[in-house]
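To keep things clear, I will list the structure first and then write my remarks on it.
Sequential numbering from 1 along the given sequence is applied to the chain's residues. One-based numbering, in listed order, for ligands and for the atoms of each. The model shown is predicted, which means the values in this text are computed figures rather than measured ones.
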Amino acid sequence: MIPTKPILIYGTTWCPDCRRAKQFFGEHRVQYTWVDIEQDEAAMAEVERINEGKRIVPTIICPDGEILTEPSNDELAAKLGLYATAKHAFYDLIIVGAGPAGLTTAIYTAREGLNTLILEKSAAGGQVANTQFLENYPGFDQGISGAEFATRLTNQARRFGVELLQATAVEDISRDGLYLRVKTSAGNEYGARAVLIATGSRYRRLNVPGERELIGAAIHFCATCDGPFYKGKDVLVVGGGNSGFQEGLFLKQYARNITIVEFLPEVKASKVLQEKVAEQANMAVVPNHAIQAFQAERGKLLVSKCRIAPPAKSGSGAPMASSSSPASAPTAISCRLRSSVTAPGLSPPVRRWRPPCPASSPRATCARAAPSRPPRPLAKARPPRS
Ligand SMILES: Cc1cc2nc3c(=O)[nH]c(=O)nc-3n(C[C@H](O)[C@H](O)[C@H](O)COP(=O)(O)OP(=O)(O)OC[C@H]3O[C@@H](n4cnc5c(N)ncnc54)[C@H](O)[C@@H]3O)c2cc1C
């Protein structure tokens, strides 16, 4: 069973096994207390005492007093009681993935009397469990936290008799006569009449330092879902394709300033979108820059700094620009460019941006000639037809 008291993790910031353990607990929404032993002499001494003079990290103290040193994910799952075997060898339906899609399906199928098993490689809830706050789900007029929503959905499915195995990835599905055979990471095999794959989607990550710990708190993938949190803030949109431009335009109703960063030398968004963005006084586009890192302060899930660096092939890896924002502000996807900080050999960040020049006109002429666009007049409302 998932412990109700927090687990204590002694570790260091540079230790990959500590990060893995923290990620495992985070994914399973298990509370833990993190102690960086390099910042805490007493904790360092405690780790040495436990490990007979050795500094082994992570050293994890479980609520029942058991001590785990450098545990594997399997050991952690076993400790949390997450590894279980399903009650039956055969089900009417096996659902792969316990996100909102898998859990919702299970509620309907179990309610209709179909014997339903869900196999989930991580924790129930899927992406929604990592969402800070959901405001757009029908029926929750005051909104609901992602974690609570995931718990309610899981409880509702269980109430109808759905079986759910967590920390159990599906590794193979094969046909076995009329039925399907599902193989799991725990080495078990289950038969089913039907298998529903509800493994969701994965957002492409930048894979830069600081990104993972800020996802859901300060880095988001959905402007309509999370944009309202950024009223009056400066927001950074990563990616200059149609999605990035559309998300940026949506965010302009909330954010104070929006900067779209694109790592290619030119943005790929359609011309219509580029023109719309160019019309906005509070939007800027910075091509030819890649995000290098997100920085959080003292491990808190708040962005305080963000660096923009040129893509590796374009030369020096020196930061192009960096910015700070008050540590208290949940400025997320957000970071402000400071144009005074530039790296040698690179053009400074562009604050205002114009659509690309027509192919025929030389770039310099076009840039000089391009006037700032006056806002389009609003179309007059037509009188209603009688
Ligand atoms: C940060 C963030 C904020 C969001 N905010 C909102 C919001 O405010 N409002 C909103 O409507 N939507 C929001 N979304 C989107 C919403 O979370 C998704 O649309 C929703 O979770 C999709 O549900 P799903 O069940 O299709 O997939 P997922 O939620 O992705 O679930 C798929 C599940 O399948 C599991 N899985 C994958 N492969 C395997 C395997 N081989 N074996 C077993 N299990 C497997 C995964 O671990 C996962 O749990 C947000 C998403 C993110 C990331």
Side-chain angles (χ1 to χ4, degrees), residues 23-24 26-29 73 77 82-84 86 93-109 116-154 156-157 162-174 180 182-190 192 195-206 211-230 235 237-238 243 247 250-251 254 294 301 303 330 332-333:
Q23 185 183 357
F24 183 90
E27 279 178 358
H28 290 89
R29 301 202 297 286
N73 277 5
L82 291 170
Y83 278 164
L93 175 66
I94 291 180
I95 297 173
V96 189
L103 288 165
T104 307
T105 309
I107 290 168
Y108 284 87
T109 56
T116 305
L117 170 70
I118 306 184
L119 299 171
E120 166 56 53
K121 73 171 179 180
S122 179
Q127 291 172 50
V128 97
N130 293 327
T131 308
Q132 257 184 342
F133 203 68
L134 292 169
E135 287 192 313
N136 60 334
Y137 262 81
F140 295 100
D141 59 344
Q142 301 301 310
I144 183 168
S145 81
E148 193 190 339
F149 180 72
T151 306
R152 285 197 191 197
L153 212 49
T154 308
Q156 195 177 2
V162 172
E163 254 187 85
L164 168 63
L165 298 190
Q166 302 184 72
T168 308
V170 168
E171 291 191 333
D172 189 55
I173 303 172
S174 57
L180 293 159
V182 177
K183 204 169 162 187
T184 71
S185 51
N188 294 318
E189 282 190 4
Y190 301 101
V195 173
L196 180 96
I197 299 176
T199 48
S201 58
R202 260 184 301 169
Y203 291 96
R204 203 189 295 168
R205 303 271 175 97
L206 296 169
E211 179 185 36
R212 201 177 54 201
E213 47 271 43
L214 293 169
I215 285 173
I219 296 177
H220 305 269
F221 301 99
C222 168
T224 46
C225 313
D226 301 311
F229 293 121
Y230 296 95
V235 173
V237 175
V238 183
S243 301
E247 297 281 86
F250 177 84
L251 286 166
Y254 303 111
F294 294 100
L301 300 183
V303 172
I333 25 188

Margin query: For the backbone of A86 and the side chain of Y190, can you confirm whether one donor and one acceptor N or O come within less than 3.5 Å of each other?
Written below: yes
By side-chain contact (heavy atoms from CB on, under 4.5 Å), D141 pairs with (sequence neighbours left out) none
The atoms of ligand 1 lying under 4.0 Å from a heavy atom of T168, numbered in the order shown, are 43 (C)
For the side chain of T168 and the backbone of Q166, is there at least one donor-acceptor N/O pair under 3.5 Å apart?
-> yes
Distance-only N or O hit between ligand 1 and H220, under 3.5 Å: no
Side-chain heavy atoms of V162 within contact of T154, under 4.5 Å | no
Note to self: Does ligand 1 come near enough to P100 that some N or O of the ligand is less than 3.5 Å from an N or O of the residue?
What the structure shows: yes
*Can an N or O of V170 be found at a distance shorter than 3.5 Å from an N or O of ligand 1?*
yes
Output for pair (T105 OG1, I118 CD1), nearest 0.5 Å, gives 8.0 Å
In terms of heavy-atom contacts, does CZ of F140 have more than 12 from other residues, nucleotides or ligands at under 6.0 Å?
yes
Sorted by chain and residue number, the side-chain contact (heavy atoms from CB on, under 4.5 Å) partners of E171 (sequence neighbours excluded) come out as S185
Closest to atom 40 (C) of ligand 1 by heavy-atom distance, out of L153, L103, V96, is V96
Under 4.0 Å from one or more heavy atoms of Y137, ligand 1 contributes atoms 11 (O)
Per-atom filter on ligand 1: closer than 4.0 angstrom to a heavy atom of F221 are 53 (C)
Nearest non-hydrogen contact to atom 31 (O) of ligand 1 from the set G143, A124, G99, G102 belongs to G99
Note to self: Below the 3.5 angstrom mark, is there an N/O of Q127, backbone or side chain, next to an N/O of ligand 1?
What the structure shows: yes
Geometric N/O contact K121 with ligand 1, under 3.5 angstrom: yes
Notebook entry, point to check: Heavy-atom distance under 4.5 Å between the side chains of Q127 and S201, does that happen here?
Noted result: yes
Ligand 1 atoms nearer than 4.0 angstrom to some heavy atom of L134 are 6 (C), 7 (C), 8 (O), 9 (N), 10 (C)
Taken to the nearest 0.5 Å, the spacing of T184 OG1 from L165 CG works out to 8.0 Å
Contact check: Y203 vs ligand 1, nitrogen or oxygen atoms, below 3.5 angstrom
no
Exercise. Quick one: are I197 and I173 in side-chain contact, heavy atoms under 4.5 Å?
Worked result: yes
To atom 32 (C) of ligand 1, the nearest of G97, S201, G126, A198 on a heavy-atom basis is A198
Near A169 (heavy-atom distance under 4.0 Å), the atoms of ligand 1 are 42 (N), 43 (C)
Between A101 and ligand 1, does any nitrogen or oxygen pair lie at a separation below 3.5 Å?
yes
Looking at I95, L119, T199, the heavy atom closest to atom 38 (N) of ligand 1 belongs to T199
